[in-house]
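One structure is given below, encoded as C-alpha cells.
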Amino acid sequence: MSMLGNNPDRSVKFGNRWELVPVPFFSVYPLLYESCALSNQTMAEDKPWALISEVGEQGFIEEVTDIIKQHFNIICLRDFLQNPQQHGPKIQAILMWNTFPAAEPSLLSSLPSLKVVANGGVGIDHLDVPYITSLGVKVANTPGVVSVATADMAMGLLLASARKIVEGHQIAVDPKTTSIPQSLVGVEVTGSTLGIIGMGHIGYKIAQRSKGFDMKILYHNRHRRSVEDEQSVGASYCENMDDLLREADFVVLVVNLSPETKGLISHRELSLMKPTATLVNVSRGLVVDQDALVKALQSGEIRAAALDVTHPEPLPRDHPLLSLPNVLITPHVGTYTYATIKRTVQCMVDNAVAAVNGLPVPNEVKLK
Ligand SMILES: O=C(O)[C@H](O)CO
C-alpha cells in the first residue's frame, strides 16, 4: 500500500539527495550531510527517541537540533537504517519535513512503539494519514508558524517576476553590459489586481501585504471569509474562480494539495487569464498542470510564472520550465528563514512531546 497520500505520483526516491532530505529543515541548499551519529549526543535514559533526517553542516543546524534534543534522544535516518531491528523498538516519534520519506510502510512496520509522525510545515499531502492513523499513530503538522515566511516569499516572487529582478541582477553583474536592455521593463505592482486562490492563514497574510501595495484584492476560497476579515484587507470574494482568473494581474496559488485541487490550474484556467497576467505558486506543484503551463508561457497566453514549487522537485534538468525566459523558480524555500525554521521545529517538538505523553496534540491532523 502506498503511503503517498493524496499525491500518488509523488516520487520520493530513496537515495536521491534532494528528495531524501527535509530541505528547509536543517540546512541550506545544496546540502552537505553529516551523520548525526549517536556518539554526538549524550543519551538520556528518561528521554524518548525520535527519528529525524540527516543533519547538515551549517551553523544554525546545531541550534535547531538542540530544540529537539531538549526533549528527545535523536537518531538520523541514515544511522537508523544501519540497524533498524536494533533501533526500531525505541522510536516513539518521527520528526520530518515533507521531503523526508520516513513514513513509508516498510519503515513504519519496524517502529512498533511509534506514537506520532510530526511533520514540519502545513502541507501533509505526502502522508497517507488514514494509513498512519490506522496504526494508532498520530499525525501532526505546523500550521500558522509557516504563514509569514510563505506569504513573504509569495510577495517576493511576485515582485521579482513583475520587476525582473533576477534578470536585472544578471545584467548588472555581466562585465559585457553597456546599457539597460528594454527586456528589463517590467509591470507595475502597485495598483494592480491580485487574485488569491486559497484564503487560509497564508493567503490572508498575502492579502495583508498586498494592501500595502494598494492592490485590488480578489480571493477564491472554499469558504467565504467574515466581513471583518474581508474589510480589514479590502478583499472581495469571487465565488466563481473563473471571475478571479479573468480579472487578476497576478494569480497566487495558496491551496493545500488534495484530490480537489490537483490540476486545479490547467489549460482552461490558464486560457481565462490575461495575457499580461502572472501566475505565482507557493502551494504545491501538482496544483498546476505543468504541461499546460509550459504551453501557456511559450504561446504568451500568460505573461510569466513565478514558482516556489514544482512537480517533481527538483524538475528534471532538461524540463522546459527551466529554460523559459518568463519563468522564475525557487526550490521550495517558502518557509526557509531562520526564525520560521526555529518556530516550526519548536512546534513539531511540542506536537511530538504531547503525543508521546498521551496528551492532546496541539496540531493533530484529524481524518475528516
Ligand atoms: O507545507 C509547508 O508548510 C511548506 O511547503 C513547507 O513544506
**Item:** Heavy-atom donor-acceptor pair, His220 side chain to Glu239 backbone, under 3.5 Å
**Value:** yes
**Among Val122, Val254, Val282, side-chain contact (heavy atoms from CB on, under 4.5 Å) partner for Thr150** = Val282
**Prompt:** How long is the gap from CG on Asn221 to SG on Cys238, to the nearest 0.5 Å?
**Reply:** 11.5 Å
**Request:** Starting from the C-alpha separation in whole Å, work towards a yes-or-no answer on side-chain contact (heavy atoms from CB on, under 4.5 Å) for Phe213 and Met155.
**Result:** CA-CA 10 Å; Phe213 287 90; Met155 292 310 289; 3.8 Å; yes
**Request:** Mind running side-chain contact (heavy atoms from CB on, under 4.5 Å) on Leu297 and Val327 for me, showing each step along the way?
**Result:** CA-CA 8 Å; Leu297 289 162; Val327 178; 3.4 Å; yes
**Request:** Treating Ile, Leu, Val, Met, Phe, Trp and Tyr as nodes and any side-chain heavy-atom pair under 4.5 angstrom as an edge, say whether Leu367 and Leu135 lie in one connected cluster.
**Result:** yes
**Asked** Could you give the distance from CE (Met199) to CD1 (Ile196), rounded to the nearest 0.5 Å?
**Response** 4.5 Å
**Request:** May I ask you to test the Leu114-Ile94 pair for a side-chain heavy-atom distance under 4.5 Å?
**Result:** yes
**Message:** For Gly144, is there any backbone N or O sitting under 3.5 Å from a side-chain donor or acceptor partner on Ser147?
**Reply:** yes
**Request:** For the pair Phe80 and Leu107, evaluate side-chain contact (heavy atoms from CB on, under 4.5 Å) and give the outcome as yes or no after the intermediate values.
**Result:** CA-CA 10 Å; Phe80 175 87; Leu107 189 110; 3.9 Å; yes
Expected list for residues 175-185: side-chain donor-acceptor pairs under 3.5 angstrom, two or more places apart:
unit_1: Thr177; atom_1: OG1; unit_2: Ile171; atom_2: O; d: 2.6
unit_1: Thr177; atom_1: OG1; unit_2: Asp174; atom_2: O; d: 3.2

**Asked** Are Lys216 and Glu247 close enough, and set up right, to give a salt bridge (Lys or Arg N to Asp or Glu O under 4.0 Å), and what steps lead you there?
**Response** CA-CA 10 Å; Lys216 175 178 171 185; Glu247 229 192 289; 2.6 Å; yes
**Prompt:** With side chains defined as the heavy atoms from C-beta onward, is the minimum distance between Ser283 and Asn256 less than 4.5 Å?
**Reply:** no
**Asked** Is a side-chain donor or acceptor of Asn357 paired with a backbone partner of Leu359 at a separation under 3.5 angstrom?
**Response** no
**Item:** Donor-acceptor under 3.5 Å (Asn351 side chain, Ala118 main chain)
**Value:** no
**Request:** For atom NZ of Lys164, decide whether the heavy atoms of other residues, nucleotides or ligands shown that lie under 6.0 angstrom number more than 12.
**Result:** yes
**Prompt:** Distance from Asn141 atom CG to Glu364 atom CD, nearest 0.5 Å?
**Reply:** 10.5 Å
**Request:** Indicate yes or no: at least one non-hydrogen side-chain atom of Leu279 is less than 4.5 angstrom from one of Met273.
**Result:** yes
**Message:** Measuring only between side-chain heavy atoms, which start at C-beta, is Ile197 closer than 4.5 Å to Leu264?
**Reply:** yes
**Request:** Compare all side-chain heavy atoms of Ser236 with those of Tyr219 and state whether any distance is below 4.5 angstrom.
**Result:** no
**Request:** Please report the shortest heavy-atom distance between Ser266 and Ala292, naming the atom on each side.
**Result:** C-CB, 4.0 Å
**Asked** Hey, mind stepping through Ser232 and Gln208 against side-chain contact (heavy atoms from CB on, under 4.5 Å) and telling me if it holds?
**Response** CA-CA 8 Å; Ser232 88; Gln208 288 173 327; 5.7 Å; no
**Message:** With rounding to the nearest 0.5 angstrom, report the CG to OG1 distance, Asn326 to Thr278.
**Reply:** 9.0 Å
**Prompt:** Mind checking whether Val309 and Val288 sit in one hydrophobic cluster, side chains of I, L, V, M, F, W, Y counted as touching below 4.5 Å?
**Reply:** no
**Nearest atoms (heavy-atom pairs only) where Ala248 meets Gly195** = CB-N, 3.6 Å
**Rounded distance [0.5 Å steps], CG in Leu158 versus OG in Ser210** = 7.0 Å
**Prompt:** Does the Ser110 side chain pair with the main chain of Gly88, one donor and one acceptor, at a distance under 3.5 Å?
**Reply:** no
**Prompt:** Is the closest basic N to carboxylate O distance between Glu230 and Arg224 below 4.0 Å?
**Reply:** yes
**Message:** Using the rule that Ile, Leu, Val, Met, Phe, Trp and Tyr join whenever any side-chain heavy atoms are under 4.5 Å apart, tell me whether Ile217 and Val148 fall into a single cluster.
**Reply:** no
**Asked** Is any NZ, NE, NH1 or NH2 atom of the basic residue among Lys262 and Asp125 found under 4.0 Å from an Asp or Glu carboxylate oxygen of the other?
**Response** no
**Asked** Sub-3.5 Å donor-acceptor pair from the side chain of Arg317 to the main-chain atoms of Leu315, do we have one?
**Response** yes
**Message:** Tell me if a side-chain donor or acceptor on Ser113 pairs with a main-chain N or O of Pro89 at a distance below 3.5 Å.
**Reply:** yes
**Item:** Shortest non-hydrogen separation from Lys138 to Val361 and the atoms involved
**Value:** CD-CG2, 3.5 Å
**Asked** Do you reckon Ile165 sits in the same ILVMFWY cluster as Leu307, going by side-chain contacts under 4.5 Å, direct or chained?
**Response** no
**Request:** Keeping the roles fixed (side chain from Gln290, backbone from Thr310), state whether a donor-acceptor pair exists under 3.5 Å.
**Result:** no
**Complete:** Between the CZ atom in Arg246 and the CG atom in Leu218, the distance rounded to the nearest 0.5 Å is 12.5 Å
**Prompt:** Does Arg209 CZ have over 12 foreign heavy atoms under 6.0 Å away?
**Reply:** yes
**Asked** Which heavy-atom pair separates Gln92 from Pro48 by the least distance, and what is that distance?
**Response** NE2-CB, 3.8 Å
**Item:** Asn363 (side chain) donor-acceptor with Thr142 (main chain) under 3.5 angstrom
**Value:** no
**Asked** Closest heavy-atom contact between Val294 and Pro320?
**Response** CG1-CB, 3.9 Å
**Prompt:** Is it true that a side-chain atom of Thr133 and a backbone atom of Val129 form a donor plus acceptor pair closer than 3.5 Å?
**Reply:** yes
**Prompt:** Can Arg225 be said to sit on top of Tyr204's aromatic six-ring, NZ or CZ under 6.0 Å from centre and within 45° of the ring axis?
**Reply:** yes
**Message:** Please tell me whether Val64 and Val333 are part of a single hydrophobic cluster in this structure, the criterion being side-chain heavy atoms less than 4.5 Å apart.
**Reply:** yes
**Request:** Flag yes if more than 12 heavy atoms outside His71 fall under 6.0 Å of its NE2 atom; otherwise flag no.
**Result:** yes
**Fill in**
Nearest heavy-atom approach of Ser109 to Ser106 is OG-O, 2.8 Å
**Prompt:** Any side-chain heavy-atom pair from Val189 and Met215 closer than 4.5 angstrom?
**Reply:** yes
**Message:** Taking the side chain as everything from C-beta on, heavy atoms only, tell me whether His267 gets closer than 4.5 Å to Lys295.
**Reply:** yes
**Message:** Less than 4.5 Å apart, side chain to side chain, heavy atoms only: is that true for Leu293 and Ile265?
**Reply:** no
